[in-house]
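Structure first, then comments.
Keep in mind that the numbers below use all heavy atoms, side chains included, and drop hydrogens, waters and symmetry copies. Numbered from 1 within each chain, the chains take letters A, B, ... in sequence-line order.
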Amino acid sequence: MSQKAQSVDRYDVPAVEAFWRERWDADNIYRAQRVTDKPKYYCLEQFPYPSGHLHMGHVRVYTLGDVIARYRRMQGYAVLHPMGWDAFGMPAENAAIKSGVPPKVSTLANIGYMKQQMRQMGLSFDWEREVTTCLPDYYRFTQELFLLFFERRLAYQREGAVNWCPSCETVLANEQVEDGLCWRCDSPVTKRDLTQWYFRITDYADRLLAGLDTVNWPQDIKVQQINWIGRSEGAVVQFDLVGLDESVTVFTTRPDTLYGATYLVLAPEHHLVERIIQNRPEAEAVRAFVQRERQVSDIERTAETTEKRGVFTGIYARHPLTEAQIPVWVANYVLVDYGTGAVMGVPAHDARDYLYAQKYALPIRTVVVPESGDSPQLPYVAPGILTDSGVFTGMRSEDAKGAIAAELQRKGHGEPRVTYRMRDWLISRQRYWGAPIPIIHCPTCGPVGVPKDQLPVLLPENVEFTGRGASPLTQVQEWVQVRCPQCQGPARRETDTMDTFVDSSWYYLRYTSGALANQPFDRADADYWMPVDEYVGGKEHAILHLLYSRFFAKVLHDAGWLTIDEPFQSLLSQGMVVYGGAKMSKSKGNTLSPETILAEWGTDATRLFMLFAAPPEKDFEWSQQGVEGSYRFLQRVFRLVARPRQEAEDVGAIQRLERMQARTIKKVTEDLGPRRAFNTAVSALMEYTNALYLDIESVPQALQTRLLETLTLLLAPLAPHLAEELWMRLGHADSVHEANWPTYDAAALIEDEVEIAIQINGKVRGRIMVGVDWDVQRIQELVLSHATLVPYLKGRTVKKVVVIPTRLVNVVVA
RNA sequence: GCCGGGAUGGCGGAAUCGGCAGACGCAGAGGACUUAAAAUCCUCCGAUCCGGAAGGAUUGUGCGGGUUCAAGUCCCGCUCCCGGCACCA
């Protein structure tokens, strides 16, 4: 059909691409099926938030994933390549406040539009497994998983200072605060004291670290996670307070410097502060200080330039080893939520303590000196030899750490301790458009999970979006007022919803089972498909989504729901799409719309250029001239196949093209597979095409067909529409995407003769042809007697000859 | 400050295990075809110098050293760029 419609000189891109897309949709060829005699391959791209339009970044990710999925299908894998929607979230709710359109309505409309765009891209998704996180048939299971966490005591409520975004009117997890600003809207984040739900991700800190050794991820993403988890080994030390029945526990990574502790510092928010200053003359001053510091934003509080400020409490603590009395201060440079919220001040060996001690004239005791014995310049933070440290004097820092911790433990004043920078994951959100937390608060029973048979806790739809005050859910009395599932007494429904990162922490599991009605996923399906073999996405989720998902997989593994506990075996972290030298943004006016690009160049040329212009992990600069080049290449391939061709039987040409064919199959197979080097796969196909242009009419028709079939098959994952068209023109009735990936005969790669370089002292002075099977001796003899060498060898002695077969010969002369 | 990743022609990039640097494409130049242009096909294309040309010499992968017969690649010391973290005790 499409064949008649066009000439052999010009490939009519819009018509042919549209034709094949319709055919693929109708034939449903990308449905994933568990086929037990095939190896499985799970290719996943991060699902989008349905903002309404795809952007060029999406085009890039989904192209990369689609190439991988198509390639693996042709290689004979049972491929799972699904798509869905990360559909809860604040933009839809904010839009509702402005326009009155309910979030559900706008979100589903956006999904409809974006799905059309994805179809225009010709992506090979199995749409039968589509997930939409904002629909009850998905979020009921998000709620069920919450209850699982609740039962396993991994979901808990706690009151404390939390990050509050005044613009989003909700709390944020630590991971979602960047430089003191909200990750979504860049508003400065403030602190509030609230009772909130948390997931106990810190229980998994060590396993989240250890698991990184088992996955094939880019180094920078692993390092970001390692830093975020922030494991520190050290010790806690307990200091009794003089005249009070209290003690202060500090965490330190340097127990070896304990003898240098000359004061203690509590964070302003430390729970002991108010207790110890009771009835003291200093109380007023301390309270005023704490009040002031609590006003200061996190950005300012933690900025490096912020001056260290503090106030003496009037209290003294007893040093657990020397019994010396040291003053207890409250200061802004100690964070309440790290370690124990209190530190020992060791000015001689800590830069911060040094500054502080100088400012407030606190004593400085040097207790570690360099191994050289020189007197150190303070603050001396490197390890060394202990001095002035009682029985530990003379020990090396590394040995003293353990020895002092052991001594503290013996005395009941401390012990070794590992601390993490990562905090528990705050998942409550004071917003409407999220999965309701399935908890009922009962005055007698406390927080009670909604029984599973009552899930989902549906979002009420008759709500008003005013944008003022608390979440709309708190206004729906008939929804909030419920009976306690345990005692049947009057109770109140939890009105917070879950962080949308909870939804996306398990969606990859839902795909494995399709739309199951009675459970989130089937274990056998999940065990078959998991882990994801290749996960394609942007770097912005390096510690958010990727850390949370790993945590979920580990919890589900522990609960016996899943065999694997690392969800993403390999991660392909793709770079940004830039245009005019900068990341695209509306304010810079350098945006490109996928609709326009795809309409102008077609899907295949757009894909090919994105793949060709840069390796996937690097930023990619869009260029008009560049995409023209890819477009030209596809037209060139089309003409090569579609035009009538002469034939001949030139032995040299036959051999050249056969060899080129084998080499190209090998190269493209490696590049699309383990190397993930799509750019060089494209260039290999360009070279192959160039070679065919030169010689194809010198070989017989039957060979021509085979050579062109190979080109078509290799091109199929990259330019699926053109490949399908060419495959049909080459006389095939079935889809090229269901054809087998080509193989090559290793013997065809072997050449009889190769050209090798002749070097004199490392400089190339000539080239000769040698047989590939020649031994070193024979090559050396030929080279040394070769005419081009004569002038270089005259009057010199040959000291050494290095022969690297098939590569070069290096003659070293004096 | 700490951690990670980079730096290769006019440009994007290639060189996979230490073995002929610059594949492929873009831009540019020339030729063929054409009344002409576009399109297409073919050829050339790091720099400097010698040569009419064929060809040759020197130099060249951020900078300075080193290892090696041989270094874009390995080692040591820097510079700059990008990304992440940063009062985390």
Item to check | Partner residues of Tyr420(A) under the ring pair (Phe, Tyr, Trp, His ring centres under 6.0 Å) criterion, sequence neighbours left out | outcome: none
Checklist entry - Could you write nucleotides 21-27 of chain B as a row of B, S and -, 5' to 3', where a protein heavy atom under 4.0 Å of any base atom gives B, of only sugar-phosphate atoms gives S, and otherwise -? => result --BBSSS
Item to check | Those residues that, when tested against Gln661(A), pass side-chain contact (heavy atoms from CB on, under 4.5 Å) (two or more places apart) | outcome: Glu658(A), Ile665(A), Tyr688(A), Arg706(A), Leu707(A), Thr710(A)
Next on the checklist: Can you list everything that forms a ring pair (Phe, Tyr, Trp, His ring centres under 6.0 Å) with Tyr548(A)? Sequence neighbours excluded, please.
Outcome noted: Trp425(A), Phe501(A)
Next on the checklist: Applying a 4.0 Å non-hydrogen cut-off, can you work out what Lys618(A) is touching in the nucleic acid: base, sugar-phosphate, or nothing?
Outcome noted: sugar-phosphate
Next on the checklist: In this structure, how many angstroms lie between the P atom of A89(B) and the CG atom of Asn332(A), rounded?
Outcome noted: 17 Å
Next on the checklist: Without decimals, in angstroms, what is the distance between Glu540(A) CD and G83(B) P?
Outcome noted: 14 Å
Next on the checklist: Using the C1' atom as the point on both nucleotides, what is the distance between G19(B) and G51(B), in whole Å?
Outcome noted: 32 Å
Item to check | For U67(B), the Watson-Crick or wobble partner whose two distances fall under 3.5 Å | outcome: none
Item to check | Any residue of residues 570-579 of chain A with a heavy atom less than 4.0 Å from an atom of RNA chain B | outcome: none
Next on the checklist: Need the pair for A39(B). Rule: Watson-Crick or G-U wobble, both distances under 3.5 Å, any strand; none if unpaired.
Outcome noted: none
Checklist entry - Counting only side-chain N and O atoms of Tyr693(A), is one of them less than 4.0 Å from OP1 or OP2 of C41(B)? => result yes
Checklist entry - Reckon Lys308(A) has a side-chain N or O less than 4.0 Å from the OP1 or OP2 of C87(B)? => result no
Item to check | Touch class at under 4.0 angstrom, heavy-atom based, for Arg423(A) against every strand present | outcome: base
Item to check | Side-chain N or O of Lys222(A) closer than 4.0 Å to phosphate OP1/OP2 of G4(B) | outcome: no
Checklist outcome for this item: The residue, Ala757(A) or Trp228(A), whose nearest nucleotide of RNA chain B is more 5′ is Ala757(A)
Checklist entry - Using purine N1 to pyrimidine N3 plus N6-O4 or O6-N4 for Watson-Crick, or N1-O2 and O6-N3 for G-U wobble, both under 3.5 Å, which nucleotide pairs with A27(B)? => result none
Checklist outcome for this item: One should read off an interatomic distance between Asp604(A) CG and Leu722(A) CG, to the nearest 0.5 angstrom, of 6.0 Å
Next on the checklist: side-chain hydrogen bond (donor to acceptor under 3.5 Å, both in side chains), that's the test. Do Asn690(A) and Arg636(A) meet it? Break it down for me.
Outcome noted: CA-CA 9 Å; Asn690(A) 292 342; Arg636(A) 187 167 150 87; 2.7 Å; yes
Checklist entry - Touch check for Pro218(A), heavy atoms < 4.0 angstrom, all strands: base, sugar-phosphate only, or nothing? => result nothing
Checklist entry - Asp619(A) has an atom CG; how far is it from atom C1' of G13(B), in whole Å? => result 14 Å
Next on the checklist: Applying ring pair (Phe, Tyr, Trp, His ring centres under 6.0 Å), can you list everything that pairs with Phe678(A), at least two apart in sequence or on another chain?
Outcome noted: none
Checklist entry - Quick one: is A86(B) close enough that its OP1 or OP2 comes under 4.0 Å of any side-chain N or O from Arg421(A)? => result yes
Checklist entry - G19(B), C87(B), U16(B): which one has an atom nearest the side-chain heavy atoms of Val802(A)? => result G19(B)
Next on the checklist: Suppose you measure atom P in U16(B) against the same atom in A23(B); what distance do you get, rounded to whole Å?
Outcome noted: 15 Å
Checklist entry - Is the gap between the ring centers of Phe609(A) and Trp601(A) under 6.0 Å? => result no
Next on the checklist: What is the distance, to the nearest angstrom, from the OH atom on Tyr338(A) to the P atom on C85(B)?
Outcome noted: 17 Å
Item to check | Results of side chain to side chain donor-acceptor pair (under 3.5 Å) for Arg676(A) - residues two or more places apart only | outcome: Glu534(A), Ser570(A)
Checklist outcome for this item: When rounded to whole Å, the NE2 to P distance for the pair His270(A) and A89(B) reads 17 Å
Item to check | Nearest-Å distance once atom P is located in both C26(B) and C41(B) | outcome: 11 Å
Checklist entry - When you check the phosphate oxygens OP1 and OP2 of C17(B), does a side-chain N or O of Arg807(A) lie under 4.0 Å from one of them? => result no
Checklist entry - Using the C1' atom in both, what is the distance from G12(B) to G22(B), to the nearest Å? => result 13 Å
Item to check | Atom-to-atom span, NZ of Lys539(A) to P of C85(B) - whole angstrom | outcome: 14 Å
Item to check | Same-atom distance (P) from G1(B) to C78(B), integer angstrom | outcome: 13 Å
Item to check | Complementary nucleotide of G9(B), counting Watson-Crick and G-U pairs under 3.5 Å | outcome: none
Checklist outcome for this item: Per the glycosidic torsion and the 90° limit around 0, nucleotide G84(B) is anti
Item to check | G52(B): pairing nucleotide in any strand, Watson-Crick or G-U under 3.5 angstrom | outcome: none
Item to check | Under 3.5 Å on both distances, the Watson-Crick or G-U partner of U16(B) | outcome: none
Checklist entry - Do Lys763(A) and U59(B) share a donor-acceptor pair, side chain to base, under 3.5 Å? => result no
Checklist entry - With a 3.5 Å cut-off and just heavy-atom distances, do the side chain of Asn810(A) and the base of C69(B) make a donor-acceptor pair? => result yes
Checklist entry - Whole-Å distance between G83(B) C1' and Glu617(A) CD? => result 14 Å
Item to check | ring pair (Phe, Tyr, Trp, His ring centres under 6.0 Å) assessment of Phe612(A) paired with Phe633(A) | outcome: CA-CA 12 Å; Phe612(A) 176 60; Phe633(A) 169 67; 8.4 Å; no
Next on the checklist: If I take atom CZ in residue Phe251(A) and atom P in nucleotide C87(B), what distance separates them, rounded to the nearest angstrom?
Outcome noted: 16 Å
Checklist entry - Considering residues at least two apart in sequence or located in another chain, which fulfil the salt bridge (Lys or Arg N to Asp or Glu O under 4.0 Å) criterion with Asp337(A)? => result Arg423(A)
Checklist entry - Closest to the Lys667(A) side chain: U16(B), C87(B), A89(B)? => result U16(B)
Next on the checklist: By the 4.0 Å heavy-atom rule, please label Thr419(A) as base, sugar-phosphate, or nothing.
Outcome noted: nothing
Checklist entry - By side-chain contact (heavy atoms from CB on, under 4.5 Å), which residues pair with Glu621(A), not counting sequence neighbours? => result Val578(A)
Checklist entry - Does C17(B) sit syn or anti, given that only angles within 90° of 0 count as syn? => result syn
Checklist outcome for this item: Exactly one of Val764(A), Val802(A), Val783(A), Ile804(A) clears side chain to side chain contact (heavy atoms under 4.5 Å, CB included) with Asn810(A), and that residue is Val802(A)
Item to check | Counterpart base for C78(B), defined by Watson-Crick or G-U wobble contacts under 3.5 Å | outcome: G62(B)
Checklist entry - Hey, does the Lys NZ or Arg CZ of Lys308(A) hover above the aromatic six-ring of Tyr333(A), less than 6.0 Å from the centre and inside 45° of the axis? => result yes
Checklist entry - What nucleic acid atoms does Val265(A) come within less than 4.0 Å of, heavy atoms only: base, sugar-phosphate, or nothing? => result nothing
Next on the checklist: Between C24(B) and G65(B), how far apart are the two C1' atoms, rounded to whole Å?
Outcome noted: 36 Å
Item to check | N or O in side chain of Arg643(A) less than 4.0 angstrom from C41(B) OP1/OP2 | outcome: no
Item to check | 5' precedence on RNA chain B between Ile804(A) and Tyr420(A) (nearest-nucleotide basis) | outcome: Ile804(A)
Item to check | Separation between the C1' atoms of U59(B) and C3(B), rounded to whole Å | outcome: 38 Å
